[in-house]
Amino acid sequence: LLAQTLTPLALAAAGYALRFTAIKSRLAALGAGLAYRLLIAPALLTILLIALGKPGSPLAHVTLLEMAMPPSLGASILAMDHNLEPELAALLIGAGVPLSILTAWGWWTLTGIL
């Protein structure tokens, strides 16, 4: 029962550290982090899947969906805990989760076409 509280507590911690006013000062780092996590890494995986000849397989769909997920909440909590750019970590989660809904759908659709 105690373990069931982990996800809500982690989300609350990330939400508590989220400051939308910090977006302007961290725009370049935020853009780079989200571009890598939501666009570049899935694109590299798609190229690898095409090279292996499995772009439309169930394995490709699952792997690409996992690759297109937003930045890790656990990694962000660790970064915040060790004072490693806590505002940026919170912004990556806060902006990455809603954006990943669109990008994951886009990558899923793309692998279905290939």
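Quick note: numbers below take in every heavy atom, side chains included, and nothing from hydrogens, waters or symmetry partners.
Linking Ile, Leu, Val, Met, Phe, Trp and Tyr whenever their side-chain heavy atoms come within less than 4.5 Å puts Leu88 and Leu27 in one cluster. Under the 4.5 Å side-chain heavy-atom criterion for Ile, Leu, Val, Met, Phe, Trp and Tyr, Leu52 and Leu45 are members of the same hydrophobic cluster.
Of all heavy-atom pairs spanning Pro71 and Arg37, the tightest one is N-CG, 3.9 Å. In plain terms, the two heavy atoms of Leu64 and Pro42 that are nearest each other are CD1-O, 3.5 Å. Closest of all the heavy-atom pairs between Glu87 and Arg26 is OE1-NH2, 3.4 Å. In this structure, Trp107 and Leu39 approach most closely via the heavy-atom pair CZ2-O, 3.4 Å. Nearest approach of Pro70 to Leu38, heavy atoms of both residues: CA-CD2, 4.1 Å.
Counting heavy atoms from C-beta on, the side chains of Met69 and Ser100 never come closer than 4.5 Å.
Residue His61 holds its NE2 atom at 10.0 Å from CG of Leu49, rounded to the nearest 0.5 Å.
Formation of a donor-acceptor pair under 3.5 Å by the Thr63 side chain with backbone atoms of Ala60 is not found in this model.
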